[in-house]
Engineer: 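Could you have a look at this structure, given as structure tokens, before my questions?
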Amino acid sequence: MAAAGETGQGPDFAQGVSLEDVPASGVLAGHVDGSPVLLARVDGQLYAVDGACTHYGAPLGAGLAVDGQIRCPWHHACFSLRTGQALRAPAFAGLATWTVETVGQRVFVRARVAGGAIAPQPGASAGSASRQQAPRRIVIIGGGAAGYAAALRLRESGFSGSLTLLSADSDAPYDRPNLSKDYLAGTAAEDWIPLQAATFYAEHDIDLRLRCEVAAIDVGAAQVTTLAGERFGYDRLLLATGAEPVRLPVPGFERSNVFTLRSLADARAVIAASAGVRTAVLIGAGFIGLEVAAALRTRGLEVHVVAREAEPMATVLGPVLAAELVQLHRGHGVVFHLQTSPTLFDGSRVLLEDGTPVDAGLVIVGVGVAPRTALAAAAGLAVDHGIVVDEQLQTSAPGIYAAGDVARYRQDGALRRVEHWVHAQRQGQAAAANLLGAAQAFTDVPFFWTHHYGLDLRYSGYGAGWDQVQLEGSLPRGDCLARFSRQGQLVAVASVGRDRDNLLAEAQLWH
């Protein structure tokens with residue numbers, strides 16, 4: 001059943017609703033002539049905004065209203081209920097606002113105001129850099145989640161100086177999570193993958209350089225040099241170099257039908273190779289590896305997963321939920337080879353430690369990633385399993401920041417490095433504010449989602465080292481919530497079919 005706030009659902013606000021029906025907190029979801037709208041009371045004032053998330057179109061009426069925001073039930077984007085402003089990724093376009101009129105004891109939602117424009121973030125405008133010299137030239141190294149989000153936030157925040165985005169990728173920023181989901185499965189067209197139209201960057205005066213490898217950073221001269229010999233001076237620098245897939249030092253794994261999956265080019269190559277083979281072997285049983293398994297099963301391939309663990313994903317999800325996820329894949333025909341590793345690939349078969357041969361028309365290696373720190377280390381920045389940054393994402397060199405998979409940041413007294421798409425985007429947004437002098441600590445709660453055969457699992461928090469898990473419901477029924485605690489303190493939640501519970505737990509973790 002469609003949630004209230006989807007097309008045509010809930011009260012028609014054009015016909016008016018009783019003032020008493022608008023809750024003192026939360027939102028009332030309805031529509032105006034079929035367009036989903038949220039009506040909210042914030043600090044005693046009435047506001048109306050679009051009711052569909054600008055990221056994937058989720059019904060925001062099923063989300064969580066808190067602190068004058070509405071948080072998306074699917075991927076936890078945040079919007080202002082007052083202005084429609086997109087506050088936090090993964091949504092970047094704002095919600096349209098609507099005019100609200102009170103007549104006696106009835107409230108009417110009238111005209112839709114053109115939306116999508118984002119007002120400068122509090123404390124993050126170019127003018128807030130008055131505590132230090134305002135930057136005129138900002139260079140971002142890396143065109144992934146963090147670099148892209150930072151570039152957009154800089155322009156949204158009023159920065160009008162030179163903005164250069166140096167990306168080693170051959171493609172403009174794209175929706176990386178879907179490379180292992182719908183795109184790989186063949187259920188999403190490639191024109192759905194770019195995050196912006198090809199003309200966007202020029203229109204916003206973002207100097208996007210593709211296939212641009214940076215060779216060195218001269219901290220003293222405040223200059224970046226590329227392999228092609230180009231030099232870019234900067235007043236502020238953001239390192240968003242991301243991570244690269246770990247390669248296996250196994251004989252035969254250098255062959256042309258062995259792949260990793262990190263870039264759009266990688267995904268294209270896997271799709272092309274899968275068209276002419278019958279079997280695929282995946283090395284590694286993490287979330288990405290299992291998403292790839294589901295995608296290739298959708299394409300009709302026979303899929304084998306090889307993993308060192310006895311219980312894949314158990315350290316993340318707990319033994320019960322992890323076993324249910326593995327069983328879901330087995331139920332869809334995926335064959336698991338556990339507690340073993342490959343020793344050889346001869347081009348058509350993977351040989352396991354016990355001598356078992358597994359047919360493989362193609363092999364995909366997914367055993368983790370390593371942060372790209374070589375550039376920072378050569379420049380003399382502090383590096384320790386990532387580029388070390390402070391609470392404001394500044395590196396050991398003043399004026400140089402890092403964000404995304406490469407950043408090892410301090411939170412709750414510990415150094416962390418998180419490899420989540422949404423988290424990288426939010427770090428990019430936070431770094432952008434601090435590049436302009438906001439001096440704000442990054443405190444966001446990590447969040448990711450993973451998709452398997454139509455089932456979406458959402459995870460909020462930083463669960464490393466949990467010592468207790470409480471599980472309600474079950475994954476096979478599509479209704480479960482796992483709470484992970486460490487020394488009696490909630491640190492993370494995982495859910496299927498309980499989006500609002502996940503949001504509530506995230507709000508608890510946030511505060």
Side-chain angles (χ1 to χ4, degrees), residues 1-122 124-125 152-153 155-158 196-197 200 203-204 429 499-500 503 507:
M1 178 181 294
E6 293 185 44
T7 302
Q9 298 296 307
D12 184 349
F13 293 142
Q15 302 301 315
V17 294
S18 171
L19 189 59
E20 293 181 351
D21 291 340
V22 184
S25 60
V27 296
L28 178 62
H31 69 98
V32 175
D33 297 329
S35 296
V37 174
L38 301 182
L39 186 58
R41 198 190 303 260
V42 181
D43 294 333
Q45 298 294 314
L46 293 174
Y47 299 90
V49 298
D50 279 353
C53 181
T54 58
H55 177 229
Y56 279 179
L60 293 176
L64 178 67
V66 59
D67 298 333
Q69 305 170 7
I70 184 69
R71 299 181 180 178
C72 174
W74 290 358
H75 306 122
H76 295 204
C78 300
F79 302 89
S80 168
L81 285 168
R82 295 180 177 89
T83 67
Q85 179 181 353
L87 299 173
R88 283 190 290 273
F92 292 95
L95 304 172
T97 59
W98 295 70
T99 58
V100 180
E101 182 181 357
T102 302
V103 180
Q105 294 300 306
R106 291 188 68 76
V107 180
F108 297 84
V109 178
R110 303 296 194 189
R112 187 174 189 265
V113 180
I118 300 181
Q121 294 285 307
S125 68
L152 264 64
R153 182 52 55 88
R155 286 298 187 228
E156 291 160 356
S157 298
Q196 297 289 349
F200 174 86
E203 290 170 353
H204 290 78
Q429 292 176 324
D499 294 339
R500 186 171 174 82
L503 282 169

Engineer: To the closest 0.5 Å, what do you measure between SG (Cys72) and CG (Leu503)?
Structural biologist: 8.0 Å
Engineer: Hey, which of Leu87, Val49, Thr54 is the one that makes side chain to side chain contact (heavy atoms under 4.5 Å, CB included) with Phe79?
Structural biologist: Thr54
Engineer: Indicate the atoms forming the closest heavy-atom contact of Pro11 with Ala29, along with that distance.
Structural biologist: CD-O, 3.4 Å
Engineer: Looking at every heavy atom in both Gln429 and Phe92, which two are closest together, and how far apart are they?
Structural biologist: NE2-CE2, 3.6 Å
Engineer: Enter the distance from Leu38:CG to Phe13:CZ here, rounded to the nearest 0.5 Å.
Structural biologist: 7.5 Å
Engineer: Donor-acceptor pair, Gln9 side chain versus Gly30 backbone, under 3.5 Å?
Structural biologist: no
Engineer: Let me see the working for Tyr56 and His75 under ring pair (Phe, Tyr, Trp, His ring centres under 6.0 Å), right down to the final yes or no.
Structural biologist: CA-CA 9 Å; Tyr56 279 179; His75 306 122; 5.0 Å; yes
Engineer: Kindly say whether Ala111 contributes a backbone atom to a donor-acceptor pair with the side chain of Thr99 at under 3.5 angstrom?
Structural biologist: yes
Engineer: Would Asp50 and Ser35 satisfy side chain to side chain contact (heavy atoms under 4.5 Å, CB included), going step by step from the backbone distance to the final call?
Structural biologist: CA-CA 8 Å; Asp50 279 353; Ser35 296; 6.0 Å; no
Engineer: Please check this pair: side chain of Arg82 against backbone of Gly68, looking for a donor-acceptor N/O pair closer than 3.5 Å.
Structural biologist: no
Engineer: May I ask you to decide if Leu46's main-chain N or O and Arg41's side chain share a donor-acceptor pair within less than 3.5 Å?
Structural biologist: no
Engineer: Where do Ala62 and Arg500 come nearest, in terms of heavy atoms and distance?
Structural biologist: O-CB, 4.4 Å
Engineer: Mark yes or no for whether Arg71, through its side chain, and His76, through its backbone, hold a donor-acceptor pair below 3.5 Å.
Structural biologist: no
Engineer: Considering non-hydrogen atoms only, spot the tightest contact between Ile70 and Gly63 and give its length.
Structural biologist: CD1-C, 4.2 Å
Engineer: Measuring from Asp12:CG to Asp33:CG, what's the distance to the nearest 0.5 Å?
Structural biologist: 6.0 Å
Engineer: Do Thr97 and Tyr47 come close enough that some side-chain heavy atom pair is under 4.5 Å?
Structural biologist: no
Engineer: Considering only heavy atoms from C-beta outward, does the side chain of His204 approach that of Leu152 to under 4.5 Å?
Structural biologist: no
Engineer: Restricting to non-hydrogen atoms, name the atom on Gly57 and the atom on Trp74 that form the minimum distance, rounded to 0.1 Å.
Structural biologist: C-CZ3, 4.3 Å
Engineer: How long is the straight-line distance from OG of Ser80 back to CG of Leu95, given to the nearest 0.5 Å?
Structural biologist: 9.0 Å
Engineer: Check whether more than 12 heavy atoms from other residues, nucleotides or ligands sit under 6.0 Å from atom CD of Glu203, and answer yes or no.
Structural biologist: yes
Engineer: State the CD-NE2 distance between Gln15 and His31, to the nearest 0.5 angstrom.
Structural biologist: 9.0 Å
Engineer: Starting at NE2 of His55, measure out to SG of Cys53 and round the result to the nearest 0.5 Å.
Structural biologist: 7.0 Å
Engineer: Please determine whether side chain to side chain contact (heavy atoms under 4.5 Å, CB included) holds for the pair Leu64 and Asp499, giving the CA-CA distance in whole Å, both sets of side-chain angles, and the decisive distance to 0.1 Å.
Structural biologist: CA-CA 9 Å; Leu64 178 67; Asp499 294 339; over 6 Å; no
Engineer: For Gly26 and Ala40, which heavy atoms make the closest approach, and how far apart are they?
Structural biologist: O-CB, 4.0 Å
Engineer: Leu39 versus Val27: any side-chain heavy-atom pair under 4.5 Å?
Structural biologist: no
